[in-house]
Amino acid sequence: MPSGNRPAGEAISLVRAIEIAASHHQAGRLSEAENIYRQVLAFDPDNFDALHLLGVVALQLQRHSDAVALIERAMERQPESAQALSNLGLAYRGHGDLDRARAAFEQAIALDPAFIGARSNLALVLQAQGNATAAMEQLRAVIADQPGNVEALHNLAGLLQEQGCVEAAVPLYDQAIALVPNFAEAHFNRARALDRLRRRPEAIAGYQKALSLKPDLPGPNYCLATLLYTQGLTVEAIDCLEQEIRNNPESVEARWALAMAQLAGVYGAGEASGDYRAAFDTALTELDGWLTGDRIGGGCHTVGSYPPFYLAYDEQNNKELLSRYGDLCARLMNHWQDTNGLVCGHGHQCGPVRVGIISGHIRKHSVWTAIVKGWLQSIDAARVSLHVFHTGDAEDEETNWAKARAASYDTAGSGLADFVQAILARNLDAIIFPEVGMDPMTIMLASMRLAPVQIAAWGHPETSGLPTVDYFLSAECFEPADAQENYRERLVTMPNLGCHYRRLDITPEDPDLRALGLDPTRPILVCPGTPYKYRPEYDGILLEIARGAPSVQLVFFSYSNCVNQSEVLRLRLARAFRQARLRFDDCVRFIPWLSSQQFFGLLQHTTACLDTVGFSGFNTAMQVIQCGVPLVTLEGRFMRGRFGSGIMRRMGLGELVATSNREYADLAVRLATDAGFRERTRARIVAARGVLFDDVVPVRALEDFLVDVTRSSRVDHW
């Protein structure tokens with residue numbers, strides 16, 4: 001019979017039993033509580049409290065199906081219980097039924113509008129359903145009623161961060177931490193926000209604080225390692241990743257990062273590339289062997305997260321190492337593509353050739369300026385239709401210009417699957433990846449077959465190593481005779497510089513040289529490369545220049561994104577100068593990173609610019625030549641070391657290209673000490689530089705290649 005009709009003594013004993021069970025429950029003694037709730041139900045199968053609270057025990061034990069069944073039975077007894085409805089919502093959510101979970105929380109709030117817990121849980125469901133706006137409304141309502149609700153503050157901050165409103169998230173994290181100073185997760189997520197805002201010293205401190213509060217917290221070690229690695233602190237980054245793996249042995253992200261982190265950005269004194277390459281070789285083999293079975297699914301989403309970017313800065317043939325890396329990427333992404341049933345089409349086959357450009361840098365960026373903008377500006381749309389897919393999240397006026405020029409423009413949407421579906425929906429004949437190796441999403445996409453013909457270009461001037469990329473698009477001026485040996489892809493060279501490059505419209509800002517620590521009466525040799533372009537084996541060239549021209553000022557830049565990398569380089573050079581008995585402080589300057597206008601202003605006072613050896617700088621060389629400044633360059637073994645030399649030879653000034661370290665140093669010394677030679681060189685550059693700009697011949701050749709490779713029956717890779 002119903003419990004309400006039971007004798008008074010029996011009813012009282014059941015109430016007392018529920019109280020005893022609840023005390024066990026609150027103390028965390030779930031087994032004892034469960035036993036008593038079941039005993040109550042044996043006497044009274046419809047007892048609301050026993051059904052409800054036994055359902056809560058099942059919920060806590062992750063038995064979500066049992067929790068749903070029990071709490072639904074309880075709701076039949078008391079359908080107006082907001083608390084039971086909220087717990088039912090939690091059970092539905094745990095069971096994966098988000099729609100019913102949302103309905104339960106909404107009913108609970110309708111019964112009790114002040115029910116803060118239900119609002120917080122509804123926000124989580126709305127977030128999981130992709131309705132961030134509604135989720136934030138619920139959290140703001142909670143905070144309005146309870147300004148000190150730490151969980152709501154933290155969750156709202158996380159949602160804002162997820163939606164890209166990072167600046168707005170930080171004060172909310174600050175409020176949560178002020179209320180609960182030992183809230184490790186809040187310190188961690190605040191650090192992630194600061195990381196995205198490039199407030200890197202604060203981010204490092206935040207990650208360290210989170211780890212001090214909860215050493216086994218998943219995530220901070222990995223994120224801290226990423227920051228330390230980009231700052232040139234390779235050993236420290238590896239230590240963090242190894243700790244992350246000890247905390248979470250199945251962390252695919254940490255294991256992937258650990259393999260890639262074996263490659264150093266800037267080498268310190270006494271460090272050599274061979275040690276790092278050997279460590280990477282071993283780690284890559286171990287990673288490939290570890291990513292099998294169930295781990296393959298997780299591995300798909302780590303592809304590109306840490307690329308072997310710094311490998312290209314060693315002047316060695318990386319084809320074998322990058323091909324092994326490429327096979328691993330392709331294996332993982334092929335699994336993802338097959339699992340999701342996303343199959344490549346066969347191309348458009350009528351009208352203009354439909355070509356996708358997939359890049360993370362459709363904005364003011366070196367890859368955009370050097371390569372992609374010229375395609376969009378000069379391609380004949382009657383022959384080739386360009387469809388742009390921007391994998392990056394930064395946009396500017398150049399992005400808007402691209403949108404207006406492209407046949408279509410797509411961004412990543414909510415993730416990889418959306419992007420792939422958008423690409424496949426265009427039924428492209430070919431895809432060009434202007435750079436493979438600089439953007440995670442681009443690497444993931446290039447590791448799959450998404451068009452009949454797939455092409456990498458020289459935005460990252462190194463073989464992709466990917467079996468899914470058919471051709472590598474380069475330039476005649478930049479490749480040695482045996483260049484095919486350096487690429488896994490089939491090498492295709494466009495005429496001249498291989499691109500349509502326009503003069504930059506920049507008004508120079510005259511710098512205060514003395515404020516930068518420079519003496520305008522002494523020769524200024526600008527060394528414009530990022531720190532990781534300066535490998536130790538070429539430090540001797542700088543020493544020879546300093547010996548030959550003692551009054552010279554070698555001007556480096558403190559790289560704003562990686563300040564510590566610049567410091568590692570500075571310390572290494574200082575040691576080399578001391579060992580050579582040369583006065584480093586008198587000869588070498590590290591100045592702040594300059595804007596384009598300030599850099600052009602500095603070039604007006606520059607004696608000559610020293611191109612980086614082994615990995616030349618295309619955009620920098622073009623800017624230097626545009627300003628009529630002599631460029632000292634050495635012709636390297638690979639394309640990436642031949643931009644400066646290719647530009648000089650294109651102008652007919654090949655005799656000014658060094659072919660040895662000795663020639664490079666001698667040329668720099670002569671420019672610094674021989675005013676007549678320097679002025680004659682300037683005049684020759686000014687007279688010849690016009691050939692470099694507004695050259696549409698490479699674009700017409702690209703059109704011909706694309707038409708041929710996508711239409712010809714001789715295509716043998718599809």
Side-chain angles (χ1 to χ4, degrees), residues 86 89-90 93 98 101-102 105-106 108-109 112-228 230 244 253 392-395 412-415 561:
S86 182
L90 291 173
R93 191 180 76 180
L98 295 181
R102 176 176 176 174
F105 290 131
E106 288 174 339
I109 293 167
D112 183 1
F115 194 165
I116 301 301
R119 287 192 179 277
S120 296
N121 287 318
L122 176 59
L124 294 175
V125 170
L126 292 167
Q127 180 181 358
Q129 290 182 317
N131 194 342
T133 301
M136 286 190 281
E137 287 176 1
Q138 292 297 329
L139 291 171
R140 288 192 174 102
V142 171
I143 294 167
D145 287 339
Q146 290 186 355
N149 189 305
V150 174
E151 183 181 2
L153 288 166
H154 182 251
N155 290 344
L156 179 57
L159 264 175
L160 288 167
Q161 186 171 340
E162 186 180 287
Q163 296 301 305
C165 304
V166 186
E167 292 270 12
V170 174
L172 293 170
Y173 286 130
D174 290 339
Q175 290 179 54
I177 290 168
L179 291 163
V180 183
N182 292 335
F183 192 173
E185 288 80 1
H187 283 284
F188 170 41
N189 289 318
R190 179 179 182 274
R192 291 175 59 220
L194 294 171
D195 200 346
R196 287 184 63 181
L197 294 171
R198 297 186 180 275
R199 292 163 57 180
R200 286 172 173 151
E202 295 173 82
I204 289 173
Y207 292 137
Q208 291 171 335
K209 179 65 174 179
L211 288 168
S212 71
L213 294 169
K214 190 179 286 189
D216 59 350
L217 180 66
N221 270 304
Y222 174 80
C223 293
L224 180 58
T226 301
L227 258 184
L228 294 172
T230 59
E244 181 75 15
E253 294 84 357
D393 56 6
E395 295 191 348
S414 58
N561 289 336

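Position 1 is the first residue of the sequence, and the numbers go up from there.
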Looking at every non-hydrogen atom in both residues, tell me the closest pair between [X] and [Y] and how far apart they are.
X: Ser86; Y: Phe105; answer: O-CE2, 3.1 Å
X: Leu217; Y: Leu211; answer: O-CD2, 4.5 Å
X: Thr230; Y: Leu227; answer: OG1-O, 2.8 Å
X: Leu98; Y: Val125; answer: O-CG1, 3.6 Å

Per-pair distances, 0.1 Å, donor-acceptor, side chain in residues 203-210, under 3.5 Å, sequence neighbours excluded:
unit_1, atom_1, unit_2, atom_2, d
Tyr207, OH, Asp195, OD2, 3.1

Check the pair Leu153, Leu179 against side chain to side chain contact (heavy atoms under 4.5 Å, CB included), reporting the backbone distance first and the verdict last. CA-CA 10 Å; Leu153 288 166; Leu179 291 163; 3.7 Å; yes

Could you go through the side chain to side chain contact (heavy atoms under 4.5 Å, CB included) check for Leu172 and Gln175 one step at a time? CA-CA 5 Å; Leu172 293 170; Gln175 290 179 54; 3.8 Å; yes

Let me check something: any side-chain donor-acceptor pairs from residues 184-193 under 3.5 Å, sequence neighbours excluded? List them with distances.
unit_1, atom_1, unit_2, atom_2, d
Glu185, OE2, Lys214, NZ, 2.6
His187, NE2, Pro181, O, 2.8
Asn189, OD1, Arg192, NH1, 3.1
Asn189, ND2, His154, NE2, 3.0
Asn189, ND2, Glu185, O, 3.1
Arg190, NE, Asp174, OD1, 2.5
Arg190, NH2, Asp174, OD1, 3.4

Between Glu244 and Pro218 (side chain of the first, backbone of the second, donor and acceptor by atom type, cut-off under 3.5 Å), is there such a pair? no

In this structure, CZ of Arg140 is separated from CZ of Arg119 (nearest 0.5 Å) by 14.0 Å

Which distance, rounded to the nearest 0.5 Å, do you find between the CG of Leu124 and the CD of Glu151? 7.0 Å

Table please: side-chain donor-acceptor pairs of residues 160-169 below 3.5 Å, with sequence neighbours left out.
unit_1, atom_1, unit_2, atom_2, d
Gln161, OE1, Tyr173, OH, 2.8
Glu162, OE1, Gln127, NE2, 3.3

Take Ile109 and Gln138 through the side chain to side chain contact (heavy atoms under 4.5 Å, CB included) test and state the conclusion after the steps. CA-CA 11 Å; Ile109 293 167; Gln138 292 297 329; 4.1 Å; yes

